[in-house]
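Since the structure comes first, as structure tokens, the remarks are kept for the end.
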Amino acid sequence: MTDGFESPGTTTTSHALSAVVARVTALADRLGIAQTEIFDIRRLSVTSGVPEPVVRALLTGRPAGEPDVQARFLQRLDLLRRTRLKPNGRKYTQQEIADGAGMSRQQAGALINGDRRPTMEHCDAIQRFFRVHAGFLTAEDPEALTHTLQSTEQELLQRLAEREESTAPADDPLEKLLQDHGVRGIAWRAAQLPTDQHRDKVAEWLDMLLESVKRPEK
């Protein structure tokens with residue numbers, strides 16, 4: 001079916017959001033980055049498509065309600081048109097969106113004005129036009145915010161890995177182990193896994209590997 005959208009379980013999604021918030025908070029603390037910078041409400045809203053008041057509520061664990069599919073699509077499409085502008089700083093016209101998304105101007109106008117219910121094909125075409133990830137127009141608010149924070153987590157992990165590599169002693173056997181086995185790269189990729197259960201499996205393997213070597217006693 002192309003005119004309906006599957007919704008993830010609310011409990012599972014909320015757990016995933018709270019978990020990634022905790023991980024991002026811990027990484028920011030290790031890197032000495034202010035949480036106001038990491039959890040910048042406007043940036044998270046623009047990147048995820050979630051309205052600023054909803055982002056603020058979700059980050060504090062409060063329920064924020066959930067619009068229906070049509071309202072969510074219209075809200076996020078409006079955000080895209082306001083924040084993803086042409087090189088000259090102007091909004092894309094309905095005709096330009098229609099041409100870029102491979103639909104008629106009448107179809108694009110009906111979707112933008114809320115006179116037509118979007119199909120998954122419509123959403124995919126518009127997402128490609130605005131160069132946003134799949135699901136941007138359709139994901140429920142907690143899921144959309146989780147996706148954005150997972151990207152932030154990956155960036156922080158990369159920064160942490162680069163910092164530790166630049167400060168580790170050259171003769172440190174633990175550092176050699178990390179480099180030989182690509183442990184930091186594995187950890188960075190593990191952050192992209194879909195569930196905490198997957199990440200826990202990787203963490204168990206890394207713990208076993210790290211226990212196999214000890215730093216020399218000083």
Side-chain angles (χ1 to χ4, degrees), residues 5-85 89 91-92 97 111-114 117-118 120 122-124 126-127 129-160 188 190-199:
F5 303 91
E6 295 182 0
S7 300
T10 302
T11 302
T12 301
T13 306
S14 298
H15 174 72
L17 176 58
S18 61
V20 74
V21 166
R23 295 195 303 270
V24 168
T25 299
L27 284 168
D29 289 344
R30 288 187 65 182
L31 288 164
I33 302 173
Q35 291 190 23
T36 52
E37 177 184 344
I38 296 299
F39 295 106
D40 179 83
I41 301 299
R42 185 179 186 282
R43 179 184 66 83
L44 292 175
S45 175
V46 170
T47 306
S48 67
V50 179
E52 291 186 25
V54 178
V55 171
R56 191 174 289 106
L58 291 173
L59 288 177
T60 56
R62 292 183 287 114
E66 187 70 42
D68 62 24
V69 170
Q70 179 81 348
R72 186 188 306 136
F73 171 85
L74 291 172
Q75 175 262 311
R76 293 190 186 168
L77 180 54
D78 176 68
L79 182 143
L80 286 177
R81 297 190 72 201
R82 287 186 289 105
T83 61
R84 275 68 166 182
L85 305 175
K91 288 184 179 181
Y92 286 98
I97 294 173
L111 291 168
I112 291 169
N113 296 326
R117 186 179 179 86
M120 287 300 295
H122 291 141
C123 293
D124 289 343
I126 293 172
Q127 286 163 176
F129 173 75
F130 282 105
R131 298 183 180 180
V132 293
H133 62 82
F136 184 94
L137 291 168
T138 58
E140 292 186 357
D141 290 338
E143 181 185 4
L145 185 56
T146 297
H147 182 277
T148 293
L149 287 173
Q150 285 172 339
S151 297
T152 299
E153 180 183 17
Q154 293 166 25
E155 294 171 5
L156 294 178
L157 282 168
Q158 184 65 22
R159 290 171 64 175
L160 181 62
W188 182 78
Q192 305 175 57
L193 293 172
T195 68
D196 287 340
Q197 288 80 4
H198 289 94
R199 285 184 285 271

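Since the structure is predicted, the reported quantities are computational estimates derived from the model, not experimental observations.
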Subject >> Spacing of Asp124 atom CG and Met120 atom CE [to the nearest 0.5 Å] >> reply: 5.0 Å
Original post:
Looking only at heavy atoms, what is the nearest atom pair of Val50 and Ala144, with distance?
Top reply: CG2-CB, 3.8 Å
Which pairs would a plain distance check flag for residues 31-41, meaning a side-chain donor or acceptor within less than 3.5 Å of a matching protein atom at least two apart in sequence or in another chain?
from	atom 1	to	atom 2	distance (Å)
Asp40	OD2	Arg42	N	3.4
Asp40	OD2	Arg43	N	2.8

**OP:** Might you point out which heavy atoms bring Pro118 and Leu111 nearest each other, and give the distance in Å?
**Re:** CA-CD2, 3.7 Å
Subject >> side chain to side chain contact (heavy atoms under 4.5 Å, CB included) partners of Arg30, counting only residues at least two apart >> reply: Leu160, Glu164
Original post:
Excluding sequence neighbours, so at least two apart, what forms ring-ring contact (aromatic ring centres under 6.0 Å, His included) with His122?
Top reply: none
Original post:
Can you name the nearest heavy-atom pair linking Ser48 to Thr148, along with the distance?
Top reply: CB-OG1, 3.2 Å
Subject >> Set of residues satisfying side chain to side chain contact (heavy atoms under 4.5 Å, CB included) with respect to Ala57, sequence neighbours excluded >> reply: Arg62, Ala64
Original post:
Is there side-chain contact between Leu59 and Leu44, with heavy atoms separated by less than 4.5 Å?
Top reply: yes
Original post:
If you take all heavy atoms of Gln70 and Arg117, which pair is closest and at what distance?
Top reply: OE1-CA, 3.4 Å
Original post:
Looking at Leu80, Val132, Leu79, which hits side-chain contact (heavy atoms from CB on, under 4.5 Å) with Leu137?
Top reply: Leu80
Original post:
Who are the side-chain hydrogen bond (donor to acceptor under 3.5 Å, both in side chains) partners of Arg56, not counting sequence neighbours?
Top reply: none
Subject >> side chain to side chain contact (heavy atoms under 4.5 Å, CB included) partners for Pro63, two or more places apart >> reply: none
Original post:
Which heavy atom in Thr25 sits nearest to a heavy atom in Val21, and how many Å separate them?
Top reply: OG1-O, 2.7 Å
Original post:
Sub-3.5 Å donor-acceptor pair from the side chain of Glu143 to the main-chain atoms of Thr138, do we have one?
Top reply: no
Original post:
What's the spacing between Ser18 OG and Leu58 CG if we round to 0.5 Å?
Top reply: 11.0 Å
Original post:
At their closest point, which heavy atom of Phe136 faces which heavy atom of Arg84, and how far apart are they?
Top reply: CE1-NH2, 4.1 Å
Subject >> Rounded distance (nearest 0.5 Å) linking atom CG of Leu149 with atom CD of Gln154 >> reply: 11.0 Å
Subject >> Sidechain N-carboxylate O distance under 4.0 Å for Arg76, Asp141 >> reply: yes
Subject >> Proximity of Tyr92 and Phe129 rings by center, below 6.0 Å >> reply: yes
Subject >> Interatomic spacing from CD1 in Ile126 to CD1 in Ile97 - rounded to 0.5 Å >> reply: 7.0 Å
